[in-house]
Structure formats: C-alpha cells, structure tokens
There are 2 protein chains.
Amino acid sequence: MLAASTAIASHDCNRNGLLDVAGPPRKTKTPDSRRAITADLVAVLVAVTDGQPKIMTIANAGALPSGPFEFKHRSLQSGLRAWVEAQTGHPLGYVEQLYTFADRGRTGDGPSPHSVSISYLGLTREDQVADGASAHWSGWYDYFPWEDHREGPPSLLAKLLTPRLRAWAKSAPSAALQRERWQRAAITFGFEDREWNEELVLQRYELLFEAALIPEAVRESGNAATLVPGRPMTADHRRILATGIARLRAKIKYRPVVFELMPAEFTLLQLQRSVEALAGRLVHKQNFRRLMEQQQLVEDTGAIAADTVGRPAKLFRFRHAVLAERAVAGTKLPLSRT
Amino acid sequence: MLAASTAIASHDCNRNGLLDVAGPPRKTKTPDSRRAITADLVAVLVAVTDGQPKIMTIANAGALPSGPFEFKHRSLQSGLRAWVEAQTGHPLGYVEQLYTFADRGRTGDGPSPHSVSISYLGLTREDQVADGASAHWSGWYDYFPWEDHREGPPSLLAKLLTPRLRAWAKSAPSAALQRERWQRAAITFGFEDREWNEELVLQRYELLFEAALIPEAVRESGNAATLVPGRPMTADHRRILATGIARLRAKIKYRPVVFELMPAEFTLLQLQRSVEALAGRLVHKQNFRRLMEQQQLVEDTGAIAADTVGRPAKLFRFRHAVLAERAVAGTKLPLSRT
DNA sequence: TTAGGTTATGCTCAGGATAAGTATAAGCCA
DNA sequence: TGGCTTATACTTATCCTGAGCATAACCTAA
C-alpha cells in the first residue's frame with residue numbers, strides 16, 4: 001500500500017525556520033567561528049496517569065524542559081536519560097529523537113542567536129516524581145483541546161474551529177485558493193464526512209498557526225478574541241509537542257511502546273485506557289484483547305486486580321520476550337516469496 | 001497492532017555519540033561561547049535509474065554530499081532543495097529530515113571539533129544531471145551488498161556474513177551473551193527460517209559494526225581479511241545512508257513517495273521495478289497492479305509504451321489528486337466508531 | 001435474597017484485504 | 001507460425017478486522 005505525501009504529510013517543522021546552507025554544501029570540516037552556533041535539547045516527556053496523557057513542563061506549564069548541551073557525557077541520548085531519571089526517580093523506558101529545528105526567529109531576540117533545537121520524545125511514568133524544582137506534569141490536551149475525541153468530537157470543533165477555519169479559507173484572495181484552504185482544513189480536521197485521523201496532530205497545529213488562530217502565531221498583534229482555545233507555550237514548544245504527540249500516536253500502532261508507560265502489572269482495561277488516552281479515541285474492547293493475545297504481547301500473572309468495580313480482572317505483564325523473539329513486521333507491499 | 005521496540009527497533013544512531021547535556025536542562029537562551037559548536041548538513045539523495053537505486057556521492061564515492069550551514073536562507077529544507085536542484089537540474093520532489101548526529105569522535109580529529117550533523121533524505125531523478133563537479137551517482141548496493149534480495153538472498157550472506165557473525169557471537173564471554181548475540185543476528189538477518197525484513201537496514205549495519213566486520217569500525221587496526229564486502233565511507237556517512245535507506249524502505253509502504261523517483265509517465269512494470277529496487281526484493285506483479293488500482297494512485301494516460309519487448313504496456317501517470325483527496329490512512333488499532 | 005449496575009471474557013459473523021496462482025491477450029522475432 | 005516476452009483479467013483460499021451477542025463474575029442497594 002502506498003499513500004499520500006508531500007503537501008499534507010510533510011513532517012517538516014521548520015516552516016518558519018530561518019537558517020540555511022550557504023550555497024553548495026562543501027566538504028569542509030574546518031571549525032569556523034563565523035558559523036559557530038549553539039544547540040539546545042528539548043524534551044517531550046510523556047506519562048499516562050489515571051487515563052490522562054501528561055507531559056513534563058517547566059516555567060509554570062509554559063515550556064518544555066530544555067537546556068543547552070555541552071560535550072561531556074557519552075551521547076545526547078544518555079544525557080537526556082540520566083537527567084530525566086534523576087528527576088522522576090524512574091527509568092526512562094524509551095527515548096527517541098524527534099526533530100531538529102533550526103531558526104533564528106524562535107526565541108524572538110532578533111537575528112543574532114543562531115541555534116538549533118534537538119528535540120526528543122521520552123516515555124516514563126508520573127508516579128514517584130522527585131518534584132523538587134519547577135517541573136510539573138500537565139495534561140497534554142490542555143495544549144490541544146481539539147485532539148481529544150474519546151468522548152466524541154469535542155464541541156469546540158464544531159463551535160469554534162470549523163467556523164473560524166471556514167472564515168480563514170474564505171479570506172483567501174482567489175476562489176481556487178479558498179477551495180484549497182478549505183480542503184486542507186477538511187482533510188486534517190475530518191470535516192464533511194471525512195474520517196478523523198488522530199495522527200495529523202502536527203498538520204492541524206500548523207494549519208491553525210497559518211490561519212493565525214494560535215497565540216504563538218500572533219505574538220504582537222494579539223487579537224485574543226478570535227483565537228482558538230488551548231494553552232500556548234514559549235517559542236515553538238507547542239509545535240515540538242505536537243510533533244511528539246503525532247509520533248507517539250503513530251508509533252503505538254506498530255511498536256509495543258505503550259508498555260513503557262504502564263506499571264509492571266496491569267489489567268487489559270488499564271492498558272486499553274492508556275492507548276485511548278494517547279490516541280485520543282476509543283478502541284473496541286474485545287478486539288483490543290484479541291489483538292493483545294494473538295500478538296502475544298502480554299502474559300497472565302496469575303494475580304487478580306483488587307478493589308475494582310465489576311468483575312475482577314486478571315493482571316497481566318508485558319512479555320519482554322517479544323522484543324527478542326521477533327522484529328517488527330510491517331509489510332504493506334505485495335511481496336513475493338520466491 | 002503493536003509490535004517490538006527498544007532493543008532492536010531503536011533508531012538511535014549516536015551509539016558512539018560523545019555529547020551530552022550538562023546536568024539538568026535549564027531554560028537558558030544566553031549564547032555562551034563556551035558551548036558554541038558547528039553544524040553540518042548531510043544529504044542522502046536518492047534516484048532510481050534502470051532499476052538500480054542510486055545515491056549522490058562526492059569524494060570519489062567515499063562520502064555523502066555535505067557542508068556547513070550558515071544563517072542565510074529561509075530554512076534548512078529550502079537551502080538543501082535549492083542546492084540539489086542546481087546540481088541536478090531537476091526539482092527535488094521530496095525532502096525529509098533523517099536524524100541529527102552529535103559526537104566528537106566522528107571526524108576523527110580528537111575531542112575538539114564539537115559538531116552536529118543534520119541529515120536529510122531527498123528524492124530526485126538522475127537524468128539530466130549537471131554533473132559539473134565531483135558529484136556522482138553510485139549504486140547504493142555497492143555500500144550494502146547484503147541488502148539486495150531481488151534475486152534471492154545474496155550468496156555472500158551464507159558464505160561470509162553468517163559464519164563471521166556466528167564467530168562473533170561465539171566470541172562473547174558468557175554463554176548467555178553468546179546466545180543473545182546470535183539471536184540478534186538471526187533476527188536482523190533472517191537466519192534460521194526467520195523472515196528477511198528489508199526495513200532493518202540500520203540494525204544490520206550497526207550489528208556488523210559492533211561485530212567489527214565493517215572497515216569504519218576498525219579504522220586503525222585494519223584486519224581487512226576478516227571484514228565484510230561493501231564500500232566504506234567517510235566518518236559515519238555509511239550509517240547515515242543506512243538510516244536513509246531504512247526510512248525510505250519503510251515509507252514507500254504507506255506514502256506514495258516512489259513517484260518522486262519516476263518520470264512523468266511510466267508503465268506499471270517500471271513502477272514496480274523502482275519499488276523493488278528500493279525494497280531490495282520482488283513483489284507479486286498482479287497484486288501490485290491491483291494495489292495501484294484500488295488505491296487510485298495512478299491513471300491511464302491513453303498512451304502506450306514504445307520500443308518494448310512483449311505486449312506493449314499502457315502508460316500511467318501519478319494521480320496528484322490523491323494528495324488532496326485524502327490524508328494518509330494508517331490505522332492498526334481496533335478503533336471503535338461510536 | 002435478588003435485581004440491576006459494572007466490568008471481564010468468550011465467541012460468531014460478515015466483509016475486506018492479501019497471497020498465490022491460472023488463464024488469456026498482444027506484441028515481437030526467427 | 002511457433003515460441004518468447006510482457007500485459008492484464010480472474011479465481012481461490014486464507015487471514016485480518018470491525019462489530020456485536022452472550023455470558024460470567026463481582027458489587028450494592030432494595
């Protein structure tokens with residue numbers, strides 16, 4: 001199966017990036033003070049508690065944890081991991097690089113601070129956080145209220161987003177452009193009988209940004225009344241968060257990463273709730289169980305969940321063996337077996 | 001469907017990275033000359049000609065095109081694109097960021113040159129290349145001879161790789177480690193009745209690297225006789241290439257990016273050959289056609305291929321409309337539709 | 001004690017997607 | 001014209017997936 005690409009599916013986040021190669025890339029390794037820059041790490045740290053997806057934030061929930069890096073430890077990865085483990089008291093189960101942003105407009109201090117931001121996605125658990133400093137866990141739907149479809153499409157979609165996006169589309173100079181704008185909105189937000197695609201988090205954010213419905217897009221000329229709900233963040237941290245959510249929503253479908261967010265033992269419903277929290281939509285219970293079984297991702301611990309409503313559920317644990325047994329599947333080409 | 005993760009599936013490429021955060025990330029934006037670094041762009045530019053996948057190389061096919069970047073144009077992306085288009089005389093259809101590598105060991109000049117390499121994947125076509133400079137197109141299987149399974153498993157797999165990986169496994173200190181090593185090799189290379197998974201390009205390269213069967217892994221102590229065939233590259237360019245190939249092999253399965261590599265009009269067999277070239281394995285012809293049809297990715301041009309052997313084939317073109325019509329599908333969760 | 005609420009778990013069923021193969025068509029060339 | 005090559009149409013069996021029914025097992029309040 002081969003599907004859609006460039007225009008819509010582009011995961012490129014430096015839309016308003018401001019750097020570039022200086023002419024043809026040459027094979028140059030000479031450190032040149034003229035092109036010295038700085039680099040920051042930005043982390044999207046995810047946990048799920050009580051069926052709610054959370055991210056670690058600083059600065060009064062207005063920024064993602066971030067900081068400069070220096071050449072010291074063994075790798076970007078390991079440094080991030082060590083730092084997070086110190087903060088949360090829990091091993092960081094999974095870390096992956098998200099995207100490297102590069103622009104001079106990001107911090108808002110003019111053209112001078114040339115820097116790149118290397119962002120990472122990390123999965124952990126909220127419990128036992130050594131919350132000494134300014135770090136907090138914030139629900140990620142605070143930042144993207146339109147992304148939670150677990151109880152059906154959120155009302156603000158029909159009430160606010162749809163009319164404002166339609167207005168934005170209509171404000172385009174030509175009829176063709178108007179149609180094109182509205183079509184993009186309809187596809188990414190699932191208007192007009194289209195399916196809601198929970199993976200398009202970044203595209204939706206960027207569309208809203210382009211439509212100037214996002215505070216970050218209109219820093220100066222704050223016409224707050226016409227904006228869209230959702231807590232803003234420093235610089236482009238919300239864009240980075242959108243990138244992380246999108247990546248995670250895609251990933252849980254083909255890699256068993258949810259388990260990094262679960263306690264050692266859990267019921268299938270708890271597992272399901274976590275998946276639903278991330279995906280922002282509900283799954284079919286029986287089919288979900290069937291999937292878990294036939295993929296042999298979990299095994300019965302023999303124990304039974306205590307203090308629960310309804311029929312008590314068996315407790316399961318992740319079968320770490322699957323990681324060793326098989327590689328990821330993932331074929332959608334009509335491969336021939338000759 | 002949820003599948004395997006951390007150990008094997010990790011796409012982290014800075015295994016021998018040497019940078020790190022300095023303690024807890026702080027929210028600091030002050031440019032600090034102490035942590036000034038440099039950044040390079042590295043490009044994996046892919047084309048398919050005569051059914052062979054090619055990449056653009058420089059330095060006598062020993063390096064990927066790369067260069068320093070400066071803060072000048074509008075974005076990393078656009079600079080890369082402009083440069084490539086000048087070089088090839090063709091629009092760069094598709095560009096996506098691959099990975100950012102950061103280590104001081106990469107260039108081999110000691111601990112001083114702190115730098116990051118931001119790598120990109122780009123799709124284009126070979127024809128009409130304004131090949132003025134040192135740039136060439138090299139077949140990518142020159143660098144990874146074990147990755148081409150179009151004519152069945154390459155013989156060097158059984159003849160060379162298997163025994164050497166087995167020897168490497170046996171050289172582990174403990175029995176448990178020996179088993180673990182061999183299992184990893186078996187999974188990534190498809191030994192012992194396991195399926196060959198063409199997407200594990202990077203994992204295979206890293207395993208060979210770890211087993212010291214790759215020239216880049218043994219720069220000094222060159223015991224060439226025990227190495228594995230495949231042309232080496234500067235620094236970790238071959239690792240970057242592996243990352244790009246892996247990404248592309250995964251991507252052609254759910255996004256219509258192959259068309260970026262095709263001429264405007266093509267026969268279904270030509271299209272199939274391109275897919276096979278990238279995937280490194282054959283696909284079932286009839287099923288491939290059915291897939292193209294039912295996904296409505298192509299449309300009949302009315303024309304017929306000339307000067308061909310056998311029954312003449314219809315010429316098709318990519319239906320660019322699909323990009324506008326629908327977003328990417330991609331659900332493997334038992335979503336409920338209530 | 002029992003009705004009713006809640007969650008767990010087993011099973012069925014239809015439709016669609018997939019892998020593989022058979023059959024036929026339409027060119028070319030010796 | 002027979003044989004070679006590629007194109008294209010169909011068939012078949014199997015598996016996967018979405019959806020729903022039915023029952024089990026626990027609790028609480030009437």
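Naming convention: chains lettered A, B, ... in sequence-line order (proteins, then strands); numbering from 1 in each chain.
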What salt bridge (Lys or Arg N to Asp or Glu O under 4.0 Å) pairs are there with at least one residue in residues 274-283 of chain B, not counting sequence neighbours?
->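 Only Glu198(B)-Arg281(B), Arg273(B)-Glu276(B) qualify under salt bridge (Lys or Arg N to Asp or Glu O under 4.0 Å).
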Given atom [atom1] of [X] and atom [atom2] of [N], what is their separation to the nearest angstrom?
{"X": "Leu268(B)", "N": "dA9(D)", "atom1": "CG", "atom2": "C1'", "answer": "14 Å"}
{"X": "Gln295(B)", "N": "dT18(C)", "atom1": "CD", "atom2": "C1'", "answer": "13 Å"}
{"X": "Ile304(B)", "N": "dT6(D)", "atom1": "CD1", "atom2": "P", "answer": "17 Å"}
{"X": "Phe288(A)", "N": "dT9(C)", "atom1": "CZ", "atom2": "P", "answer": "13 Å"}
{"X": "His284(A)", "N": "dC21(D)", "atom1": "NE2", "atom2": "P", "answer": "10 Å"}
{"X": "Asp300(B)", "N": "dT8(D)", "atom1": "CG", "atom2": "C1'", "answer": "12 Å"}
{"X": "Leu291(A)", "N": "dG18(D)", "atom1": "CG", "atom2": "P", "answer": "8 Å"}
{"X": "Gln270(A)", "N": "dT9(C)", "atom1": "CD", "atom2": "P", "answer": "12 Å"}

Could you please spell out the steps behind the side chain to side chain contact (heavy atoms under 4.5 Å, CB included) verdict for Val298(B) and Phe259(B)?
-> CA-CA 10 Å; Val298(B) 295; Phe259(B) 300 102; 3.7 Å; yes
Using the ring of each side chain (for Trp, its six-membered ring), is Phe318(A) parallel, tilted or perpendicular to His320(A), with breaks at 30° and 60°?
->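 Taking His320(A) first and then Phe318(A), their aromatic rings stand perpendicular (interplane angle over 60°).
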Parallel, tilted or perpendicular: which describes the rings of Phe144(B) and Trp146(B), with under 30° parallel and over 60° perpendicular?
->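 Perpendicular.
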Do other residues, nucleotides or ligands put more than 12 heavy atoms under 6.0 Å from Glu151(B) CD?
->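 Counting other residues, nucleotides and ligands, CD of Glu151(B) stays at 12 neighbours or fewer.
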Check: Arg290(A) side chain, dG10(C) base, donor-acceptor under 3.5 Å |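 In this structure, the two groups form no donor-acceptor pair.
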Any Lys/Arg nitrogen of Arg249(A) or Glu147(A) sitting under 4.0 Å from an Asp/Glu carboxylate oxygen of the other?
->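 Yes, Arg249(A) and Glu147(A) are salt-bridged.
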Closest listed nucleotide, where the reference is the side chain of Lys314(A) and the choices are dA9(D), dT9(C), dT18(C) =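 Closest nucleotide among those given: dT9(C).
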Using only side-chain N and O atoms of Gln294(B), determine if any of them is under 4.0 Å from OP1 or OP2 of dT18(C).
->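 So the side-chain polar atoms of Gln294(B) do come within 4.0 Å of the phosphate oxygens OP1 or OP2 of dT18(C), strictly under.
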side-chain N/O Lys285(B) vs dA7(D) OP1/OP2, d < 4.0 Å |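 Yes, such a contact exists.
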Which residue lies toward the 5' end of DNA chain D, Asn287(B) or Asn287(A), if each is placed at its nearest nucleotide?
->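 By nearest-heavy-atom nucleotide position, the 5'-most residue is Asn287(B).
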Using heavy atoms to find the nearest nucleotide of DNA chain D for Arg289(B) and Gln286(A) separately, return the residue whose nucleotide is more 5′.
->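 Closest to the 5' end, via its nearest nucleotide, is Arg289(B).
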How does protein reach along nucleotides 1-6 of chain C, written 5' to 3' as B (base within reach of a heavy atom under 4.0 Å), S (only sugar-phosphate), or - (no contact)?
-> -----B
Axial cation check for Trp182(A) ring with Arg194(A), 6.0 Å and 45° limits =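 No, Arg194(A) and Trp182(A) do not form such a contact.
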